[in-house]
Amino acid sequence: MEENLYHHKLLSHYISNWGDEYRSLIWEKGPYKDLGDQFRVLEFPPTPERNMWTYATCGMSHFEDQLCLELHIFSDEQDQTLVESLIVIAHFHRFRTRLGHWHTINWGRGWRLNSSCSFALLSQPYLDGGKLEILDLEDGKSVFFYWLVPITKEELVFKKEYGADRLEEIFKEKGLNYLDPCRSSLV
């Protein structure tokens, strides 16, 4: 599949899930140019059905990759630093270590200003369900769309000891407020 068509299919998939009101953003600093001319971070504004901002990679993987994945994160307010963060994560994925379901990343700081969550878990997109999670392409190839869930250091330690599945159960039981950058650890 040609790279332009691949990116068009990614964009169409996002639009079918979150609507056609979005901005395509770049961050001129840092490793952005290494990701290629097609790579973008998409910013979807809140809607009456979805009272949050959504930031998503578009082109984090190439069609030729063995495992194609894209990431998204939610925010209660518009936050351009999330564009930079997604670019850094995409660069890490492309040039250092391939990421996948239930992997964790280290933000190197709080995911938002004054946040206690300095890590993120690559999780299934529970808020959007199966419709967003997998985009089937030609030749049996699929793209997986994972949700970056900000987590605390204590939650990361818990995940390593008891598994991501158990951590997600606790999030569900205790009602994780994934939009609150200053939330306390749930473990």
Side-chain angles (χ1 to χ4, degrees), residues 1-25 35-36 38-79 82-83 85-87 89-90 93-94 98-105 111 117 120-151 159 163-180 186:
M1 174 179 287
E2 187 233 320
E3 209 59 33
N4 282 339
L5 179 57
Y6 175 66
H7 283 86
H8 176 74
K9 288 184 179 272
L10 294 176
L11 180 58
S12 296
H13 186 66
Y14 280 130
I15 288 171
S16 72
N17 281 277
W18 295 328
D20 59 3
E21 297 250 348
Y22 69 92
R23 290 189 324 150
S24 181
L25 304 171
L35 297 171
Q38 298 284 335
F39 178 83
R40 293 287 184 269
V41 173
L42 305 177
E43 177 189 69
F44 290 86
T47 65
E49 300 80 33
R50 242 179 137 76
N51 193 22
M52 60 189 159
W53 291 86
T54 304
Y55 293 87
T57 62
C58 188
M60 180 168 150
S61 295
H62 290 291
F63 177 72
E64 301 83 28
D65 291 349
Q66 187 173 359
L67 172 66
C68 296
L69 67 94
E70 301 293 330
L71 300 175
H72 62 278
I73 191 165
F74 303 118
S75 176
D76 62 344
E77 59 186 43
Q78 194 172 22
D79 187 345
L82 295 176
V83 175
S85 294
L86 286 172
I87 289 169
I89 294 167
H93 169 75
R94 184 97 50 91
R98 293 294 176 161
L99 299 171
H101 184 230
W102 281 342
H103 284 174
T104 50
I105 59 101
W111 75 282
C117 300
L121 174 68
L122 278 69
S123 182
Q124 292 175 297
Y126 293 113
L127 301 181
D128 298 288
K131 186 177 176 221
L132 174 67
E133 184 176 2
I134 300 172
L135 170 62
D136 291 319
L137 303 171
E138 59 192 44
D139 299 330
K141 189 109 179 160
S142 298
V143 182
F144 296 86
F145 294 79
Y146 293 127
W147 175 21
L148 271 175
V149 179
I151 62 173
K159 177 220 165 208
D165 215 9
R166 182 64 187 122
L167 179 61
E168 288 187 340
E169 287 174 16
I170 289 173
F171 288 164
K172 186 176 179 181
E173 290 167 8
K174 295 188 176 183
L176 172 69
N177 183 352
Y178 50 86
L179 294 176
D180 180 3
L186 296 183

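Worth saying up front: this structure is predicted, and the values here are computed from it rather than measured. Residue numbers start at 1 and run along the sequence shown.
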Take Phe39 and Ile87, measure what side-chain contact (heavy atoms from CB on, under 4.5 Å) needs, and give me the verdict at the end. CA-CA 9 Å; Phe39 178 83; Ile87 289 169; 3.7 Å; yes

Please list every donor-acceptor pair under 3.5 Å in which a side-chain atom of residues 68-77 meets a protein atom from a residue at least two apart or in another chain.
from  : atom 1 : to     : atom 2 : distance (Å)
Glu70 : OE1    : Thr57  : OG1    : 2.7
Glu70 : OE1    : Cys58  : N      : 3.4
Glu70 : OE1    : Gly59  : N      : 3.1
Glu70 : OE1    : Met60  : N      : 3.1
Glu70 : OE2    : Gly59  : N      : 3.3
Glu70 : OE2    : Met60  : N      : 3.1
Glu70 : OE2    : Ser61  : N      : 3.4
His72 : ND1    : Tyr146 : O      : 3.2
Ser75 : OG     : Glu77  : N      : 3.2
Ser75 : OG     : Glu77  : O      : 2.6
Ser75 : OG     : Arg112 : NH1    : 3.1
Asp76 : OD1    : Arg112 : NH1    : 3.0
Asp76 : OD1    : Arg112 : NH2    : 3.4
Glu77 : OE2    : Arg112 : NH2    : 3.0

Would one find more than 12 heavy atoms of other residues, nucleotides or ligands at under 6.0 Å from atom CD of Gln66? no

When you look at CG of Asp20, are more than 12 heavy atoms from neighbouring residues, nucleotides or ligands closer to it than 6.0 Å?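 No, because the 6.0 Å sphere around CG of Asp20 holds 12 heavy atoms or fewer from other groups.
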
To the nearest 0.5 angstrom, please state how far the [atom1] atom of [X] sits from the [atom2] atom of [Y].
X: Glu168; Y: Trp102; atom1: CD; atom2: CH2; result: 6.0 Å
X: Asn4; Y: Lys9; atom1: CG; atom2: NZ; result: 13.0 Å
X: Ser123; Y: Leu167; atom1: OG; atom2: CG; result: 9.0 Å
X: Leu122; Y: Thr104; atom1: CG; atom2: OG1; result: 8.5 Å
X: Asn17; Y: Leu132; atom1: CG; atom2: CG; result: 4.5 Å
X: His62; Y: His7; atom1: NE2; atom2: NE2; result: 7.0 Å

With a 4.5 Å limit on heavy-atom distance, are the side chains of [X] and [Y] in contact?
X: Leu148; Y: Leu86; answer: yes
X: Ile151; Y: Cys117; answer: no
X: Met52; Y: Tyr178; answer: yes
X: Arg40; Y: Leu11; answer: no
X: His93; Y: His103; answer: no

Can you name the side chain to side chain contact (heavy atoms under 4.5 Å, CB included) partners of [X], sequence neighbours left out?
X: Gln124; result: His101, Tyr126, Glu133
X: Ser12; result: His8
X: Glu21; result: Pro45

Who are the salt bridge (Lys or Arg N to Asp or Glu O under 4.0 Å) partners of Arg50, not counting sequence neighbours? Asp128

Asn177: which residues meet the side chain to side chain donor-acceptor pair (under 3.5 Å) condition with it, sequence neighbours left out? none

List the atom of Trp111, the atom of Leu179, and the distance in Å for their closest heavy-atom pair. CZ2-O, 4.4 Å

Between Asp79 and Tyr55, what is the shortest heavy-atom contact and its length? N-OH, 2.8 Å

Ion pair Glu169/Arg166, N-O distance below 4.0 Å: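 Between Arg166 and Glu169 there is a salt bridge, with a charged N closer than 4.0 Å to a carboxylate O.
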
Can you name the one residue among Tyr6, Phe144, Phe145 that meets ring-ring contact (aromatic ring centres under 6.0 Å, His included) with His13? Phe145

Under 3.5 Å, is there a donor-acceptor pair between the side chain of Tyr22 and the main chain of Thr54?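 Judged by distance alone, no pair lies under 3.5 Å.
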
